[in-house]
Structure formats: structure tokens, C-alpha cells
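So you know, we letter chains A, B, ... as the sequences are listed, proteins then strands, and number each from 1.
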There are 2 protein chains.
Amino acid sequence: MRAVSDRPLPRAERRRRTEERILGAARALFAEVGFERATIRAVAAAAGVDPALVMQYFGSKRELFARAAQVAPEPGAGLGPDELVRQLLRTLNLKMGELPQGSLAMMRSMLTHPEAADSARAALRDQIDRLAAAVQGEDARLRAALMTAVVLGATVGHHLLELPELREAPPERIAGLLGPALRVLAGRPAGGPADDA
Amino acid sequence: MRAVSDRPLPRAERRRRTEERILGAARALFAEVGFERATIRAVAAAAGVDPALVMQYFGSKRELFARAAQVAPEPGAGLGPDELVRQLLRTLNLKMGELPQGSLAMMRSMLTHPEAADSARAALRDQIDRLAAAVQGEDARLRAALMTAVVLGATVGHHLLELPELREAPPERIAGLLGPALRVLAGRPAGGPADDA
DNA sequence: CATTTCGCTCAACGTGTGTTGACTCAACGA
DNA sequence: TCGTTGAGTCAACACACGTTGAGCGAAATG
């Protein structure tokens, strides 16, 4: 009855696994209830581990959050406006399916935890930069910021507030409706490629 | 050196004033740091009052929050789509200036405090109802939800995350850019009245 | 095998929190 | 004027939290 995997693991491997287990539990809890309501004790319990171990691995609750709530930087180098809108919709399309828990954790806390707010602002600023470079023109930055805010609103409404209208609709339809609106915001009204992703 | 107002106030008046003072301090603090980080002690200190008095007046922290974070229901009965979009922009225009602290308090906590989330969902559902009734058509509710999400994103970006692009831009310009996008979402592409508020 | 390293647990400390009950004192009503 | 009411304070409780240091036992190392 003794399987191969019952053989005790090497130290390094064991460490990596428990660290990832803690990090996973932390991501899930931070994403679900935010920074304040997520306790080290609850994270430890979910990971099947003593609270003190969490501290030993990550130093403090804030550092644990910083590690757990990293947002993956979105791709999209110097593209044209239409292509960028298309890609924006594509990632939004993904967003509507399943958003990585790290991003959810950050977004859940961005209105109440100062460091999460900083992360959010940095991520949004990056996206605004990319969009502004593509949009060009008079108030390119404002247009880019508004486009970003539109995506932000849809994401918050869908994943964090869980508005039923957004949860039930198929992602392609959401992208299909949001596409023209984003293009209008970008300053190129109609025409162009189709709206679906 | 004794002014008229130094004469002690009647009990009822005195009670009303301190209650309003506490409520004001609570609104400001809840709006600034959210439900969790706002402590009864801090509210009491800001109101120049003992923490116990806050409990005596409002019963519990949650009830205090419920009283402080009420969102004023927006007007707008059964209007046509264009008029409703115009009014949406007008209130958004106001939103861009100064949002009532009660609404800010609710929005600040809506991602982390369950009861604030319920309030937010209820308020958004009301607005979606109004918009859906005006938009009509196939996926009217989805369109209405997306329009609501757009306004939500702009408000969050401006007042809670304080994105510089949105803070620096004059409200009319924001409304002028968001207007066409909202009209597209509503399903009536171009034309119509001017975009400024 | 002897010794060191290290993943992990246990028990506890200090602090800040929401909340409570007894108390003080000025305004009120008869 | 005298007893009653009620606004407001004071000190404290009970609890949950983040965090710490000592200790245990198994893996690594020679």
C-alpha cells in the first residue's frame, strides 16, 4: 500500500510545494474577501498549515498580499488603434471567462487597501499609456483613460459585483457590444473590422 | 462676551446636532478609508465625542455605516432613450464634480463589505431597470447593464482610484466623449442632440 | 553514525477593535 | 424647588488579529 509518491520529498521540492499551496490559498481568500477580511489564520487553515509558517515564508501579511496579488502585465506593444481595440476586446473576452485570481485579489482590495490601489493605478496607467500611443490626436490620453475606465467598469461589474446581466451574457456578445463603443471613444467611429473577437 | 448662541440648547436640538455631527464624520471616514479601516473610535474623535456615544446613537458599527452610506436614488422616470442618456450624462457631470459623501462611502466599501455590495447591486439594478425600459429591443438589459458599467467605471476611476487623466479633465469634456459611446451602447448610433451637458 | 540544518508546530504576547455598564451632571417637568 | 430624564463620559471587557520565539523531529551532510 505504499506508493512511490509516499517516499519523502527532497527539502527544496517540499518547500516549493507548500509555498505554492499557501500562495494559492492566499490568492483565493484575498480575491474572495479582500485584504482586510482575509486573515493569516484563515489562509494557513486553507493551506493546511500553521499560521506561523505563513509568516516564516512571507514575512508579513502585506508581503504575502504583494506576492499573491500580482497582476500579469498585458501584452500589446506599439500597435495601431484598431488592432489595439481588437486586442483589448480579446483580453476582455478572456476576462469575462475566468480572470486570474491574482488580478482578482488586487482588484478586490484596490478601493480599500492603499498598496493595492497603487498596484491598480500602475496597471491602469500602463494600459492608458499603450492606448494613448495608439489613439493619438488632441485628447488622446483622456480618450485612453476613458476606454480603460470602460473596461474597468465591465470587469468590476462582472467579476466583483457579479451583476447578473453581465454574468449570464456570453462573452462574445459583451465584446460585440462594447467594441463599437470603444471604437467611438478611440475616435474612429464606424466601419473597420467586425466586432466579434 | 457672551453671545446668544452660548445659551444652552434644548435637548432635542442638541441631540439632532450631535447626531448629524457623528454622521458627517462617519460619512467622511467611510468614504476615505472604507468600512473596515474606519474605526468607531476615529469617527468619535473626529466628531469630538466619546466612542460609547456613537454606539448609543446608532447601535452598532454596521448600522452606523448603513445610515451613513445611503445612496440617493437617482430620478428619471419612464423617459425615452436619448433623454435618459442625456440625463445620465448630466448626473455623471455632477458626479465628476462632487459626489455626495454617502455615495462615496458606499462605493468605497462595495468590493469588500457585503452589505455595501448589496446596496451597490440594488442601486445599479435600479439604474439598469430604468435604462432597459428606455432602450427596448433584443438585449436591452445587457445594453443597459453595460451602460451602467461604463458610468461605474468612470466614477470609480475618477473618485476612488483618482486617475489623473480623469481628475484633470473638465467634466463637460468627459461627458462629451462618453456621450456618443453611451448612445452607441444604447443602440442609436449617431445624430441626435449635441453631446455636451 | 554524529551533527547540523531546516520545515514545521505550539503557545503565547501585545495591540486594537466593537461593545457594554456604571456613573456624572445639566436640562426638564410638576 | 425637587425628583426625573437623558445626553455624554469613563473604564473596562472579550475577542480576534498579526506577529514572535522556543522547541520538535526528520532530512541533509560529513
- request: Kindly indicate whether the side chain of B:L178, heavy atoms from C-beta on, has any atom under 4.5 Å from the side chain of A:L185.
  value: yes

Those residues at least two apart in sequence (or on a different chain) that pass salt bridge (charged side-chain N to carboxylate O under 4.0 Å, His left out) with A:R17 are A:E13

Sorted by chain and residue number, the salt bridge (charged side-chain N to carboxylate O under 4.0 Å, His left out) partners of A:D126 (sequence neighbours excluded) come out as none

Give each protein N/O atom lying under 3.5 Å from an N/O atom of nucleotides 11-14 of chain C, with the pair distance.
none

So salt bridge (charged side-chain N to carboxylate O under 4.0 Å, His left out) across residues 135-152 of chain B, not counting sequence neighbours, yields A:E165-B:R141, A:R173-B:D139, B:D129-B:R141, B:D139-B:R143

- prompt: Touch check for B:A47, heavy atoms < 4.0 angstrom, all strands: base, sugar-phosphate only, or nothing?
  reply: nothing

Margin query: Applying a 4.0 Å non-hydrogen cut-off, can you work out what A:A12 is touching in the nucleic acid: base, sugar-phosphate, or nothing?
Written below: nothing

Of all the nucleotides listed ([options]), which has the minimum atom distance to the side chain of [X]?
{"X": "B:M55", "options": "D:dT19, C:dT17, C:dT19", "result": "C:dT19"}
{"X": "B:V49", "options": "C:dT17, D:dT20, D:dT9", "result": "D:dT9"}
{"X": "A:Q56", "options": "D:dT19, C:dG7, C:dT20", "result": "C:dG7"}
{"X": "B:R11", "options": "D:dT19, D:dA7, C:dG7", "result": "D:dA7"}

Partner of A:V150 under side-chain contact (heavy atoms from CB on, under 4.5 Å), picked from B:V151, B:V150, B:L152, is B:V150

Only pairs under 3.5 Å count here: list side-chain donor-acceptor contacts from residues 45-59 of chain B, not counting sequence neighbours, and write none if there are none.
residue: B:D50; atom: OD1; partner: B:A52; partner atom: N; Å: 2.8
residue: B:Y57; atom: OH; partner: B:T18; partner atom: OG1; Å: 3.1

Check the distance between [N]'s [atom2] and [X]'s [atom1] and give it to me in whole angstrom.
{"X": "A:I40", "N": "D:dT20", "atom1": "CD1", "atom2": "P", "answer": "11 Å"}
{"X": "B:L53", "N": "C:dT19", "atom1": "CG", "atom2": "C1'", "answer": "14 Å"}
{"X": "A:F58", "N": "D:dG18", "atom1": "CZ", "atom2": "C1'", "answer": "16 Å"}

| said: Between B:Y57 and D:dG8, is there a contact of a side-chain N or O with OP1 or OP2 at under 4.0 Å? | reply: yes

Describe, in one word, how the ring planes of A:F35 and A:H113 are oriented to each other, choosing from parallel (under 30°), tilted (30 to 60°) and perpendicular (over 60°). parallel

Examine distances only and state if a side-chain atom of B:R121 and a backbone atom of A:L161 form a donor-acceptor pair shorter than 3.5 Å. yes

For B:R108 and B:E32 the tightest heavy-atom approach is NE-O, 3.6 Å

Within residues 13-28 of chain A, the residues having a heavy atom closer than 4.0 Å to DNA chain C are A:R14, A:R15, A:T18

